[in-house]
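All values reported here derive from a predicted model rather than from experimental measurement.
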Amino acid sequence: MIVYTVTAIDLIGDPVLGSRRTPAIYTSLEDAVHAVKNNEGDIADNNLYQYAVIEETYLNKVRPDIDHETKKIWFKYNTVLDEFEECDPQRVPLTVTNLSGFGIG
C-alpha cells in the first residue's frame, strides 16, 4: 500500500542535517498536500519548522527511496500567512534534499 508521509524539518536548530519529525501519514496525496499547505495540526509547530516534505512510500517502510525512486514535494513555511507554500526542490538546502526516510517520534 502506498502512503504519503509529511515530514517537518528545522534547519535552525541543526543547520547540517536538520531536526525532523513526521506529524502525519496519509493514504491520499491530495489530503497530504491540503494538510501541509494549510498547516493543519500546526505542522510548523509554532514556527519551529521551516520546511516540510511529502514523500511517497510504502506502508511500514522506514527508508522510502531504498527500493524505488521516491516522489517528493517540498514546501517552505510562510510565517506571515501561517501556511506552507510549495517550493522548487532546487531552492531547498542541499543538506536535506537527498536524505531518505522520515523522522519518527
* Output, in order, the C-alpha distance, side-chain angles, deciding distance and verdict of side-chain hydrogen bond (donor to acceptor under 3.5 Å, both in side chains) for T57 and E55. => CA-CA 6 Å; T57 187; E55 292 181 88; over 6 Å; no
* To do: Considering only Ile, Leu, Val, Met, Phe, Trp and Tyr, and joining two whenever side-chain heavy atoms are under 4.5 Å apart, list the other residues clustered with Y49.
  => L48
Might you point out which heavy atoms bring [X] and [Y] nearest each other, and give the distance in Å?
X: C87; Y: V92; answer: SG-CG2, 3.8 Å
X: V53; Y: K72; answer: CG2-CB, 4.0 Å
X: T7; Y: P23; answer: CA-CD, 4.4 Å

* Parallel, tilted or perpendicular for F84 and Y77, by the 30°/60° rule? -> tilted
* When rounded to the nearest 0.5 angstrom, what is the spacing between CZ in R20 and CD1 in I9? -> 4.5 Å
* Which distance, rounded to the nearest 0.5 Å, do you find between the CG of N39 and the CG of N78? -> 10.5 Å
* To do: Verify the cluster assignment for V36 and I2: are they in a single hydrophobic cluster under the rule of side-chain heavy atoms below 4.5 Å apart?
  => yes
Quick check: do [X] and [Y] have side-chain heavy atoms less than 4.5 Å from each other?
X: I73; Y: L29; value: yes
X: E86; Y: K37; value: yes
X: I54; Y: V33; value: yes

